[in-house]
Amino acid sequence: MAVKSFKYVIVGGGVSAGYAAREFAKQGVKPGELAIISKEAVAPYERPALSKAYLFPESPARLPGFHVCVGSGGERLLPEWYKEKGIELILSTEIVKADLAAKTLISAAGETFNYQILIIATGSSVIRLTDFGVQGADAKNIYYLREIDDADKLVEAIKAKKNGKVVIVGGGYIGLELSAVMKINNLDVKMVYPEPWCMPRLFTADIAAFYEGFYKNKGIQIIKGTVAVGFTADSNGEVKEVKLKDGRVLEADIVVVGVGGRPLTTLFKGQIEEEKGGIKTDAFFKTSVPNVYAVGDVATFPLKLYKELRRVEHVDHSRKSAEQAVKAIKASEEGKTIEEYDYLPFFYSRSFDLSWQFYGDNVGDTVIFGDNNPETPKPKFGSYWIKDGKVLGAFLEGGTPEENKAIAKVARVQPPVENLDVLSKEGLSFACKI
């Protein structure tokens, strides 16, 4: 097979790849210099849409509507855009071997790609229950959500099982967003997770109590403190029951599993330095191998604000790290320098008519403020995280764009706090005066 050679290759075709391509175009990449190799069949798109608007019963989002870079208010990069810029989009192509010393990548079909500079943007893969040998976890109608193909299968299942019963396994991002969207599709929804409350990596018990109450009011049944240990199927091989560890058995026409992801670093094992489950990089996303960069979910990078190495799984970081890496590559070629990556952790979610944002670090003591009664028609409440007398993190549900900017500023500035009771009373006004 013919060998294809490029100056720059991005392996992975997710959010990071699209934002990197836009930055390369801004920096003046020449036709034929850059290739994106993706195992997906479509140009890079904004992945968060899959667990929200893509599954709506009315006016669902569809491509080309959410190709990057619309998620951050930018131009939509259609497949034609890549052609116009002379960027080669190599789709439906899975890389199965990477030789970083020889600067080559080999696809499942046996094609060889040579590069001078590589950007690893392979993202994460979902953790599957079959990985743990859960009995019956290979039954039909058990779904995971990571790529557009997964979302298409879910859309078909929703149509086929009108007014059916759905069990959502997992209480994180995917669990909360999919429970909401399944309810909007008039399905009977039960949510199962082992932790004492939903979204435990970020939410406090106080924050979680609001969302659990809100979901309950919408008719979603939440079952906490247990896990799915098996599934039974009917004669067609379709899932019909979910067996829980506590002995309960739930009827199910559809099961969606959202129990986390793993960074896709397997291709590079033993060839590159890793830390905290990801590929270790510097503040410019350079790895331990010359001319190899890693961005998005797979990168463990120096978080300047907290003086530690971290791996961040979120679309905001996927976008910004990709842009930083490309700026660093171009600056290095021109003998220039750029600022170190100075990232403020940012997470957000939308479900039903709720919308929250979080900035900073969720460590230390917490205070909650505002109206977190799930019965309130338009609730607005938040929380601050305080450590060593400073506010390090801020969360807000129902904020305006200005209020969200204010809590972001608080997390960045880390203002001192003397009295937590006073802070709780001041609430949002504390952030707005910083």
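Predicted, not measured: the structure shown is a model, and the values here were computed from it. In what follows, residues are counted from 1 in the order of the sequence shown.
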Problem set entry | Student check: side-chain heavy atoms of Val257 and Arg128 closer than 4.5 Å | no
Exercise. Any Lys/Arg nitrogen of Glu333 or Lys330 sitting under 4.0 Å from an Asp/Glu carboxylate oxygen of the other?
Worked result: yes
Exercise. Under 4.0 Å between a Lys/Arg side-chain N and an Asp/Glu carboxylate O for Glu275 and Arg311?
Worked result: no
For this session: Kindly indicate whether the side chain of Tyr193, heavy atoms from C-beta on, has any atom under 4.5 Å from the side chain of Met191.
Result: yes
Exercise. Got a salt bridge between Arg310 and Asp361, using NZ or NE/NH1/NH2 to carboxylate O under 4.0 Å?
Worked result: yes
For this session: Go through the structure and list residues passing ring-ring contact (aromatic ring centres under 6.0 Å, His included) with Phe203, not counting sequence neighbours.
Result: Tyr211, Trp356, Phe395
Problem set entry | Main-chain N/O of Ser16 paired to Ser318 side chain as donor or acceptor, under 3.5 Å | no
Exercise. Is a side-chain N or O of Ser288 found less than 3.5 angstrom from the main chain of Glu273, in a donor-acceptor match?
Worked result: yes
Exercise. Going through the checks in order, is the side-chain contact (heavy atoms from CB on, under 4.5 Å) test met by Leu154 and Met182?
Worked result: CA-CA 10 Å; Leu154 210 41; Met182 290 298 188; 3.9 Å; yes
Exercise. How about Gln27: does its CD atom have over 12 heavy atoms from other parts shown lying under 6.0 Å from it?
Worked result: yes
For this session: Report yes if the side chains of Glu403 and Leu428 come closer than 4.5 Å at any heavy-atom pair, otherwise no.
Result: yes
For this session: Please find out if less than 6.0 Å separates the ring center of Tyr348 from that of Phe346.
Result: yes
Problem set entry | Glu46/Arg76 salt bridge by N-O under 4.0 Å criterion | no
Exercise. Can the positive tip of Arg412 be found less than 6.0 Å from the middle of the six-membered ring of Tyr359, inside 45° of the ring normal?
Worked result: no
For this session: Spell out, as yes or no, whether a donor-acceptor pair under 3.5 Å connects the side chain of Glu212 to the backbone of Cys198.
Result: yes
Exercise. Does some side-chain heavy atom of Phe369 sit less than 4.5 Å from a side-chain heavy atom of Leu396?
Worked result: yes
Problem set entry | Check: Phe6 main-chain N/O paired with Glu88 side-chain donor or acceptor under 3.5 Å | no
For this session: Flag the pair Lys380 / Thr400 as yes when at least one side-chain heavy-atom distance between them is below 4.5 Å, and no otherwise.
Result: yes
Problem set entry | Greater than 12 external heavy atoms within 6.0 Å of Lys409's NZ | no
Exercise. Which value, rounded to the nearest 0.5 Å, describes the distance between Leu63 atom CG and Ile148 atom CD1?
Worked result: 3.5 Å
For this session: May I ask you to check whether over 12 heavy atoms, not counting those of Lys405, lie within 6.0 Å of atom NZ?
Result: no
Problem set entry | Side-chain donor-acceptor pair present, Ser51, Glu177, cut-off under 3.5 Å | yes
For this session: Would you please test Ile272 and Ile120 for side-chain contact (heavy atoms from CB on, under 4.5 Å) and show each step?
Result: CA-CA 11 Å; Ile272 204 160; Ile120 298 168; 4.2 Å; yes
Problem set entry | NZ (Lys390) with more than 12 external heavy atoms under 6.0 Å | no
Exercise. How far apart are the closest heavy atoms of Thr281 and Pro302, and which atoms are they?
Worked result: O-CD, 3.5 Å
Problem set entry | Side-chain donor or acceptor of Gln116 paired with backbone N/O of Asn291 under 3.5 Å | no
Problem set entry | Nearest-0.5 Å distance that lies between atom CD1 in Ile207 and atom OG1 in Thr366 | 7.5 Å
Exercise. Do other residues, nucleotides or ligands put more than 12 heavy atoms under 6.0 Å from the CD atom of Glu308?
Worked result: yes
Problem set entry | NZ (Lys433) with more than 12 external heavy atoms under 6.0 Å | yes
Seminar exercise, completed: All heavy atoms of Ser107 vs all of Phe113, minimum pair found to be CB-CE1, 4.1 Å
For this session: Heavy atoms only: give me the nearest Tyr173-Ser349 pair and the separation to one decimal.
Result: CE2-CB, 3.9 Å
Exercise. Could you state the interatomic distance from OG1 (Thr122) to CD1 (Ile37), rounded to the nearest 0.5 Å?
Worked result: 12.5 Å
Problem set entry | Spacing of CZ belonging to Phe24 relative to CD1 belonging to Ile36, to within rounding of 0.5 Å | 9.0 Å
Exercise. Is there a side-chain contact (heavy atoms from CB on, under 4.5 Å) between Val295 and Tyr19 once you walk through the steps?
Worked result: CA-CA 11 Å; Val295 295; Tyr19 281 76; over 6 Å; no
For this session: Please assess Phe284 against Tyr293 for the test ring-ring contact (aromatic ring centres under 6.0 Å, His included), listing each intermediate value before the final yes or no.
Result: CA-CA 8 Å; Phe284 308 100; Tyr293 294 72; 9.2 Å; no
Exercise. Looking at side-chain heavy atoms only, is the closest gap between Phe352 and Ile184 below 4.5 Å?
Worked result: yes
Exercise. Looking at side-chain heavy atoms only, is the closest gap between Ile223 and Leu244 below 4.5 Å?
Worked result: yes
Exercise. Any donor and acceptor pair, going by atom type alone, linking the side chain of Gln324 with main-chain N or O of Ala283 inside 3.5 Å?
Worked result: yes
Problem set entry | Contact summary for Leu91 and Ala41, nearest pair of heavy atoms | CD1-O, 3.4 Å
For this session: With the side chain counted from C-beta on, respond yes when Asp131 and Arg262 share a heavy-atom pair under 4.5 Å apart, and no when they do not.
Result: yes
For this session: Would you please classify the geometry between the His314 ring and the Phe347 ring as parallel, tilted or perpendicular, with 30° and 60° separating the classes?
Result: perpendicular
Seminar exercise, completed: Applying side-chain contact (heavy atoms from CB on, under 4.5 Å) to Pro200 and not counting sequence neighbours gives Glu195, Trp197
Exercise. Is the distance between the ring centroids of Phe430 and Tyr384 under 6.0 Å?
Worked result: yes
Exercise. For Arg146, does its backbone N or O pair with a side-chain atom of Asp150 as donor and acceptor, under 3.5 Å?
Worked result: yes
Problem set entry | Main-chain N/O of Leu55 paired with Asn185 side-chain donor or acceptor, under 3.5 Å | yes
For this session: Using a strict 4.0 Å threshold on nitrogen-to-oxygen distance, state whether Arg47 and Glu40 make a salt bridge.
Result: yes
Problem set entry | Pairs meeting criterion ring-ring contact (aromatic ring centres under 6.0 Å, His included) with involvement of residues 60-85, two or more places apart | Tyr45-Phe66, Tyr54-Phe66
Exercise. Distance-only, no hydrogens or angles: does the Tyr115 side chain make a donor-acceptor pair with backbone N or O of Leu105 under 3.5 Å?
Worked result: no
Exercise. Can you name the nearest heavy-atom pair linking Thr376 to Asp371, along with the distance?
Worked result: OG1-OD2, 2.9 Å
Exercise. So is Lys320 actually on top of Tyr343's ring, under 6.0 Å and inside 45° of the axis?
Worked result: no
Seminar exercise, completed: OG (Ser351) and NZ (Lys183) are apart, to the nearest 0.5 Å, by 14.0 Å
For this session: Give the minimum heavy-atom separation between Ser179 and Ile168, together with the two atoms involved.
Result: OG-CG1, 3.5 Å
For this session: Find the distance between CD1 (Ile119) and OG1 (Thr287) and round it off to the nearest 0.5 Å.
Result: 11.0 Å
For this session: Begin with the C-alpha distance, continue with both residues' side-chain angles, and end with the deciding distance and a verdict on side-chain contact (heavy atoms from CB on, under 4.5 Å) for Asn114 and Lys103.
Result: CA-CA 6 Å; Asn114 292 337; Lys103 296 190 170 185; 6.0 Å; no
For this session: Please confirm whether the backbone N or O of Gly296 pairs with a side-chain atom of Ser321, one donor and one acceptor, at under 3.5 Å?
Result: yes
